[in-house]
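Comments concern the structure below.
Below, each value reflects all heavy atoms present in this structure, side chains not excepted, and no hydrogens, waters or symmetry copies. All of these numbers come straight from a predicted model, not from anything done at the bench.
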Amino acid sequence: MWKWLILILAVYALYRLFSNDVLKKKKENKEENAAELERKIAAGEMVKDPECGTYVSAEGNISVRDGETVHHFCSYECRDKFLQRLEEGGRELPPRE
């Protein structure tokens, strides 16, 4: 009986030891990814989608030039919503790129 109890406690201790290790690695990866995103935003490699707020690559293919400003989008759906919002506001639609 005691052997089983000790075995179960040992397995539980090992489980807790390794699960904490995995959780720490996941947390570190999230922090590294957040830091990398902040670096890209600061460097101008990533820009914010004006419609949904997602950060996208500045070299992305889905963009609209509005005068001197170039807006980048995460999807064609966001781009179309943005253009529709501009049209409803009475502004002339910029050409699509």
Side-chain angles (χ1 to χ4, degrees):
M1 175 73 176
W2 287 103
K3 289 180 185 180
W4 287 106
L5 185 59
I6 292 172
L7 179 64
I8 291 171
L9 288 175
V11 168
Y12 177 73
L14 287 172
Y15 165 75
R16 293 291 294 188
L17 178 70
F18 288 117
S19 68
N20 284 338
D21 227 15
V22 169
L23 292 175
K24 283 181 187 177
K25 286 181 182 178
K26 283 184 180 179
K27 185 178 179 181
E28 288 173 1
N29 283 341
K30 282 184 180 180
E31 290 172 355
E32 289 174 4
N33 289 342
E36 180 69 14
L37 179 62
E38 289 296 322
R39 185 198 64 77
K40 287 182 177 182
I41 292 168
E45 296 175 22
M46 301 286 283
V47 294
K48 195 172 188 178
D49 182 325
E51 193 60 36
C52 67
T54 303
Y55 283 95
V56 295
S57 173
E59 289 90 30
N61 293 335
I62 307 171
S63 61
V64 172
R65 181 177 299 277
D66 186 15
E68 294 294 317
T69 308
V70 177
H71 301 282
H72 298 275
F73 301 94
C74 64
S75 66
Y76 290 107
E77 182 180 324
C78 281
R79 182 200 61 188
D80 293 341
K81 284 180 184 178
F82 178 77
L83 292 173
Q84 182 179 8
R85 194 165 39 103
L86 285 180
E87 189 177 55
E88 288 171 358
R91 290 187 54 193
E92 184 179 324
L93 293 180
R96 297 178 184 193
E97 292 182 2

*Which is it for Glu51 and Arg79 under the salt bridge (charged side-chain N to carboxylate O under 4.0 Å, His left out) test, yes or no, and what are the steps along the way?*
CA-CA 8 Å; Glu51 193 60 36; Arg79 182 200 61 188; over 6 Å; no
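Considering only heavy atoms from C-beta on, Val56 comes within 4.5 Å of Val47 through its side chain. Counting heavy atoms from C-beta outward, His71 and Thr69 have side chains that approach closer than 4.5 Å. Counting only heavy atoms from C-beta outward, the side chains of Ile62 and Tyr76 approach each other to under 4.5 Å.
Taking CD from Glu36 and CE from Met46, the interatomic distance works out to 9.5 Å, rounded to the nearest 0.5 Å. Atom CG of Leu86 and atom CD of Gln84 lie 10.5 Å apart (nearest 0.5 Å). One distance of note links CD of Glu88 with CG of Leu83; it measures 11.5 Å at 0.5 Å rounding.
Residues Ser63 and Val70 come closest through the heavy atom pair CB-CG1, 4.0 Å. Asp49 approaches Cys74 most closely through the heavy-atom pair OD2-N, 2.9 Å. Across all non-hydrogen atoms, the minimal contact from Pro50 to Phe73 is CG-CE2, 3.5 Å.
No hydrogens or angles considered: a donor-acceptor pair under 3.5 Å links the side chains of Glu59 and Ser57.
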